[in-house]
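As structure tokens, the structure follows; a few thoughts come after it.
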Amino acid sequence: MYDLKYLREHLDQIRTSLDRRGNDVPWTDIQKLSEERRAVTTQVEQFRYELNKGSEEVARLRRAKAPAEEAMAAMKQLRDRIKDAEEVLRNVEEALTEVALRIPNIPHVSVAVGADASGNVEVRRWGTMPSFSSPPKPHWEIGENLGILDFDRAAKIAGARFSVMTGAGARLERALINYMLDLHTTHHGYREVIPPLMVNRSSMTGTGQLPKFEEDLFRLRDEEYFLIPTAEVPVTNLHREEILSADHLPLRYTAYTPCFRREAGSYGKDTRGLIRLHQFNKVELVAFTTADRSYEELERLTGHAESVLQHLKLPYRVISLCTGDLGFSAAKTYDLEVWLPSQQQYREISSCSNFESFQARRASIKYRSTGGKKEAKSDFVHTLNGSGLAVGRTLVAILENFQQPDGSVEVPTVLRPYMGGMERIKKE
RNA sequence: GGAGAGGUGGCCGAGUGGCCGAAGGCAACGGUUUGCUAAACCGUCGUAGGGACAAAAUCUCUACCGAGGGUUCAAAUCCCUCCCUCUCCGCCA
């Protein structure tokens, strides 16, 4: 979100930039409200100035033991006018903030213009697709045959779009979490975090989920808590309303959390298996940088997510999302898509984005340079995040890509230490 | 859940109605001096919004002492509601 002053002064520029992505922003309302806000603000401040002067006058008269009734009466009237003007100002600012929070981020210049996912650009591919003598099975079939996935019981105890993993399946999920965390903390320089899984409204607003996407979130009935849809929310908000020291940047965090999503509006899509669930596990990467280094950081962070797939030997491709497919808060996004043999297509397994200062403005996350000269001016950080990776979908990819003719699944070498040395998952 | 205490500038901490955007200290930054991995002294030192200026520098006004209301000519200070933190008791993993 843009601060209201910046918004007023750069309205046309912002509007033009956002034409590159579809948007439904009420620009004329914003312009009108912005101007009204400025006018009313000036009026209120003028009144307050008079009031302050009048009050000082009263104080002076009283000290001099002179009668002050007349001045006091005048100020009393002025105060009523101030209250009216303030009421108007409050309403205008509220209305303006409400629409301002719904303005999406401006895409980076390197992002291709396009209306929808068909305009996305493939950046690169990695790995070789496995070949099969008979048609490869979908992961739910493999998992149920092995007795490590149980969707029937998941539906019984919770409902549709939930999963139960058991035995080697549960262990594989846990192995993936530990492997990813170890890789990112030990080799990629991230600091591990275990955050709350429920957060307040301010945090959700800070990272951009609210106010526009409330219907995508699970919310507690009696308390103002939301279940996190991604660890991006609590981890980015770690530094909400903070001013960071420039020598501590970049800050890099990784967090494993379950994620909770309503998946409203996805009826009929991916109804079977682990692809689209109300609850899934994810290892997230989050970075805070200065403006001049954030795109370098995006490449680096994307590379960190890719390295997980490479170590697991899972074929994938990297997609740069076009303007029409870009998320609300993102300026640029790379999606990592893993190959799923049963579907004969690539499916999203990670999404790595640079939000530039979009979230930092909403959440008020700044940095101040300490070294050097006197310019101790603070500025907004750039925030980034990416999945490193979605754990459930990684498990899907392993089951499908490494399925064997006898129905067993080969365990990727790097995971074996985390699986007690197990090389194959066989029917128990 | 019960009882109590408290939330002030980057940090600590004074301040119970006007001259308080806020003493003092620490930290930071600039400078002076001496010099030896430092001290002393001087100065600067919050954030945001409005206006003036072509713009920067600068000047000026307004707001902010957890948040939001209220009382008053005037609120960090009095009243109400909420949020958060701490202590003790209870309960609990």
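Per chain, numbering begins at 1; letters A, B, ... match sequence-line order.
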*First encountered from the 5' end of RNA chain B, between A:Thr41 and A:Glu56*: A:Glu56

_Inter-nucleotide P distance (B:rC64, B:rG69), Å rounded_ = 11 Å

*For the pair made of CZ in A:Arg48 and P in B:rG50, what is the distance, rounded to whole Å?*
14 Å

*Roughly how far apart, to the nearest Å, are B:rA14 and B:rG68 at atom P?*
25 Å

_B:rA63 pairs with, by Watson-Crick or G-U criteria that keep both distances under 3.5 Å_ = B:rU47

*Report yes if a side-chain nitrogen or oxygen of A:Asn52 is closer than 4.0 Å to either non-bridging phosphate oxygen (OP1 or OP2) of B:rA63; otherwise report no.*
yes

_Is the shortest side-chain heavy-atom distance between A:Leu340 and A:Val338 below 4.5 Å?_
yes

*Give the rounded distance in Å between these two atoms: CE of A:Met72 and P of B:rG18.*
15 Å

*asked:* By the 4.0 Å heavy-atom rule, please label A:Arg60 as base, sugar-phosphate, or nothing.
replied: nothing

*Report yes if at least one side-chain N or O of A:Arg8 is closer than 4.0 Å to OP1 or OP2 of B:rG50; otherwise report no.*
yes

*For atom P, what is the distance between B:rU47 and B:rA22, given to the nearest Å?*
14 Å

*asked:* Assuming nearest nucleotide by heavy-atom distance, tell me which of A:Ala59 and A:Leu51 is located more 5' along RNA chain B.
replied: A:Ala59

*Round to a whole Å and report the spacing from CD of A:Glu86 to P of B:rG50.*
17 Å

_Closest to the A:Arg90 side chain, choosing from B:rU72, B:rC61, B:rG69_ = B:rG69

*Using the P atom on both, measure B:rU77 against B:rA67 and round to a whole Å.*
11 Å

*Parallel, tilted or perpendicular: ring planes of A:His184 versus A:Tyr190, cut at 30 and 60 degrees*: perpendicular

_Using atom C1' in both nucleotides, what's the gap between B:rG13 and B:rU8 to the nearest angstrom?_
9 Å

*B:rA74 P sits how many Å from A:Glu69 CD, rounded?*
15 Å

*When we call it a touch if two heavy atoms are under 4.0 Å apart, what does A:Arg201 touch: a base, just sugar-phosphate, or nothing?*
nothing

*Could you walk me through whether A:Phe226 and A:Phe260 pass side chain to side chain contact (heavy atoms under 4.5 Å, CB included), step by step?*
CA-CA 9 Å; A:Phe226 297 86; A:Phe260 304 91; over 6 Å; no

*Counting only side-chain N and O atoms of A:Lys83, is one of them less than 4.0 Å from OP1 or OP2 of B:rU71?*
yes

*For A:Leu89 and B:rU62, give me the distance from atom CG to atom C1', rounded to whole Å.*
11 Å

*Test of ring centre spacing under 6.0 Å for A:His382 and A:Tyr295*: no

*asked:* My understanding is that a pair needs two contacts under 3.5 Å, Watson-Crick or G-U wobble. By that rule, which nucleotide pairs with B:rA56?
replied: none

_Pairwise C1' distance, B:rA28 and B:rG10 [rounded to whole Å]_ = 9 Å

_Base partner of B:rU72, which must satisfy Watson-Crick or wobble distances under 3.5 Å_ = none

*asked:* Taking B:rC92 as the reference, what is the distance to B:rC84 when you measure between their P atoms (whole Å, please)?
replied: 24 Å

_With a 3.5 Å limit on both atom pairs, tell me what B:rG4 is paired to, counting Watson-Crick and G-U wobble, or say none._
B:rC86

*Is there a Watson-Crick or G-U wobble partner for B:rA14 with both distances under 3.5 Å, and which nucleotide is it?*
none

*Do A:Asp325 and A:Asp335 have side-chain heavy atoms sitting under 4.5 Å apart?*
no

*Identified pairing partner of B:rG30, criterion: Watson-Crick or G-U wobble below 3.5 Å*: B:rC42

*Partner nucleotide of B:rG9 by Watson-Crick or wobble geometry (both distances under 3.5 Å)*: none

*Given that both distances must come in under 3.5 Å, which nucleotide forms a Watson-Crick or G-U wobble pair with B:rG35?*
none

*Can you tell me the distance, in whole Å, between the CD atom of A:Glu35 and the P atom of B:rG51?*
12 Å

_Between A:Ser387 and A:Ser351 (side chain of the first, backbone of the second, donor and acceptor by atom type, cut-off under 3.5 Å), is there such a pair?_
yes

*Where do A:His239 and A:Tyr253 land on the side chain to side chain contact (heavy atoms under 4.5 Å, CB included) test, with the steps shown first?*
CA-CA 12 Å; A:His239 295 300; A:Tyr253 295 105; 2.8 Å; yes

*Any A:Lys366 side-chain N or O less than 4.0 Å from OP1/OP2 of B:rA48*: yes

*Using a cut-off of 4.0 Å on non-hydrogen atoms, how would the nucleic acid contact of A:Met75 be classed: base, sugar-phosphate, or nothing?*
sugar-phosphate

*Which whole number of Å gives the distance between the C1' atom of B:rC36 and that of B:rG30?*
22 Å

_Could you tell me how far apart A:Asn200 (CG) and B:rG66 (C1') are, to the nearest whole angstrom?_
14 Å

*Taking A:Arg416 for the side chain and A:Val411 for the main chain, is one N or O donor matched with an acceptor at less than 3.5 Å?*
yes

_What is the distance, to the nearest angstrom, from the CD atom on A:Glu93 to the C1' atom on B:rG68?_
15 Å

